[in-house]
Visitor: 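Could you have a look at this structure, given as structure tokens, before my questions?
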Amino acid sequence: YSSAASDVYKRQARTSESVALQQYSTPLPLSVAVQQIVGGFKGRSVLEPTIGNGSLVCTVKDAALAGVELDARRLDAIRRDRSEANLQHGDATSFDFRSLNGGGDFDVVLSNPPFGGLQPPRMMSGLKVSRVDHLIMIRSLQARADDGVGVYIIGADSYLDSLSLIHISEPTRRRGI
């Protein structure tokens with residue numbers, strides 16, 4: 001691994017703050033595998049909409065790297081390692097990603113966004129979006145070039161998640177339905 005990857009590995013320790021903020025770092029081997037899926041980055045524009053500790057972009061070189069991070073401490077740490085990158089403090093659910101690339105689309109998007117419910121759900125392109133990871137994915141895909149590449153790590157809905165979306169009224173529940 002590169003020295004940048006080594007630095008990322010050191011920052012992946014869980015703290016009480018990262019637990020409270022539901023921050024889960026992408027394991028380094030998975031991050032490297034994601035970057036290998038994309039291949040070369042030279043001369044390409046790369047967006048990581050929830051850059052965190054920079055794991056998903058740890059081997060990206062010779063590219064116009066941009067990222068957004070909600071946590072100021074994580075942002076300061078990644079800025080120390082990636083001074084060449086355009087890294088901004090902000091909320092990926094509402095940030096204008098294209099502003100990080102001179103108003104243009106990105107060639108590559110890599111992301112492992114935070115997951116969980118989104119209240120209230122939002123309508124996007126005619127779709128009801130009720131998960132934060134799906135919202136960030138859709139928004140960052142909208143900032144990706146039509147011939148660009150996107151690699152996302154997102155959670156799947158489980159059977160229990162789908163049950164939580166079903167509302168059964170009390171009278172129905174009492175009848176055993």
Visitor: Closest approach of Leu28 and Cys58, non-hydrogen atoms and distance?
Guide: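 That closest heavy-atom pairing would be CD1-SG, 3.7 Å.
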Visitor: Apply salt bridge (Lys or Arg N to Asp or Glu O under 4.0 Å) to residues Arg131 and Asp133 and explain how you reach the verdict.
Guide: CA-CA 6 Å; Arg131 292 178 51 101; Asp133 48 333; 3.1 Å; yes
Visitor: Measuring from atom CG of Leu110 to atom CD1 of Ile153, what distance do you get when rounded to the nearest 0.5 angstrom?
Guide: 9.0 Å
Visitor: Applying side chain to side chain contact (heavy atoms under 4.5 Å, CB included) to Leu135 and Met124, what does each step give before you reach the verdict?
Guide: CA-CA 8 Å; Leu135 175 64; Met124 293 199 64; 2.9 Å; yes
Visitor: Working to the nearest 0.5 Å, report the span between CD of Glu84 and NZ of Lys61.
Guide: 9.5 Å
Visitor: According to side-chain hydrogen bond (donor to acceptor under 3.5 Å, both in side chains), who are the partners of Asn86, at least two apart in sequence or on a separate chain?
Guide: Gln88
Visitor: List for me each residue that meets side-chain hydrogen bond (donor to acceptor under 3.5 Å, both in side chains) alongside Ser45, sequence neighbours excluded, and say none if there are none.
Guide: Asp107
Visitor: For Val57, is there any backbone N or O sitting under 3.5 Å from a side-chain donor or acceptor partner on Arg82?
Guide: yes
Visitor: For the hydrophobic clusters of this structure (ILVMFWY residues joined by side-chain heavy atoms under 4.5 Å, transitively), does one cluster hold both Phe115 and Ile154?
Guide: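 Cluster IDs for Phe115 and Ile154 differ.
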Visitor: Under the side-chain hydrogen bond (donor to acceptor under 3.5 Å, both in side chains) test, which residues partner Asp105, sequence neighbours left out?
Guide: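 With sequence neighbours excluded, Asp105 shows a side-chain hydrogen bond (donor to acceptor under 3.5 Å, both in side chains) to Arg98, given in chain and number order.
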Visitor: According to a 4.5 Å side-chain heavy-atom criterion applied to Ile, Leu, Val, Met, Phe, Trp and Tyr, with indirect links allowed, do Ile37 and Leu65 form part of one hydrophobic cluster?
Guide: yes
Visitor: Check whether Gln35 reaches the backbone of Thr59 with its side chain - one donor and one acceptor, N or O, closer than 3.5 Å.
Guide: yes
Visitor: Would you mind reporting whether Leu47 and Leu100 have side-chain heavy atoms less than 4.5 Å apart?
Guide: yes
Visitor: Can you find a pair of side-chain heavy atoms, one from Thr50 and one from Pro113, that are under 4.5 Å apart?
Guide: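 Thr50 vs Pro113: side chains touch.
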Visitor: Do Arg44 and Val60 have side chains that get closer than 4.5 Å, going by heavy atoms?
Guide: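 Contact flag for Arg44/Val60 side chains = no.
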Visitor: Working to the nearest 0.5 Å, report the span between OG of Ser125 and CD1 of Ile138.
Guide: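 Result: 7.0 Å between the selected atoms.
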Visitor: Output yes when a side-chain donor or acceptor of Asn101 lies under 3.5 Å from a complementary backbone atom of Gly103, and no otherwise.
Guide: no
Visitor: Quick check: do Phe97 and Val68 have side-chain heavy atoms less than 4.5 Å from each other?
Guide: yes
Visitor: Shared ILVMFWY cluster between Ile51 and Val38, side chains joined below 4.5 angstrom?
Guide: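 Result: yes, single cluster for both.
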Visitor: Side chains of Tyr152 and Val109: does their closest heavy-atom pair fall under 4.5 Å?
Guide: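 Touching, per the 4.5 Å side-chain cut-off.
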Visitor: Where the side chain of Glu69 meets the backbone of Arg74, is there a donor-acceptor pair that is under 3.5 Å apart?
Guide: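 The answer is no, because no donor-acceptor pair under 3.5 Å joins these two groups.
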Visitor: Can you confirm whether Met137 sits close enough to Arg139 that some side-chain heavy atom of one is under 4.5 Å from a side-chain heavy atom of the other?
Guide: no
Visitor: Ile136 versus Pro49: any side-chain heavy-atom pair under 4.5 Å?
Guide: yes
Visitor: Please check this pair: side chain of His89 against backbone of Leu70, looking for a donor-acceptor N/O pair closer than 3.5 Å.
Guide: yes
Visitor: Say you draw a straight line from CD1 of Ile78 to CG of Asp71; how long is it, rounded to the nearest 0.5 Å?
Guide: 12.5 Å
Visitor: Looking only at atom types and distance, does a side-chain atom of Ser55 sit under 3.5 Å from a main-chain N or O of Thr26, one as donor and one as acceptor?
Guide: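 Here the side-chain-to-backbone pair exists.
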Visitor: Can you check side chain to side chain contact (heavy atoms under 4.5 Å, CB included) on Leu141 and Arg144, steps first, answer last?
Guide: CA-CA 5 Å; Leu141 279 170; Arg144 189 200 66 189; 3.4 Å; yes
Visitor: Would you give the length of the straight line joining atom CG of Leu75 to atom CG of Asn53, rounded to the nearest 0.5 angstrom?
Guide: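 One finds 12.0 Å between CG of Leu75 and CG of Asn53.
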Visitor: Determine whether Phe106 and Val46 make a side-chain contact, defined as any pair of heavy atoms from C-beta on separated by less than 4.5 Å.
Guide: no
Visitor: Same cluster or not: Leu56 versus Val149, using hydrophobic residues (I, L, V, M, F, W, Y) connected whenever any side-chain heavy atoms lie under 4.5 Å apart?
Guide: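 Yes, Leu56 and Val149 fall within the same hydrophobic cluster.
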Visitor: If hydrophobic clusters are built from ILVMFWY residues whose side chains come within less than 4.5 Å, do Phe41 and Leu87 share one?
Guide: yes
Visitor: Is the side chain of Ser83 donor-acceptor paired with the backbone N or O of Arg80 at a distance under 3.5 Å, no angle test?
Guide: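 No, because the side chain of Ser83 does not come within donor-acceptor range (under 3.5 Å) of the backbone of Arg80.
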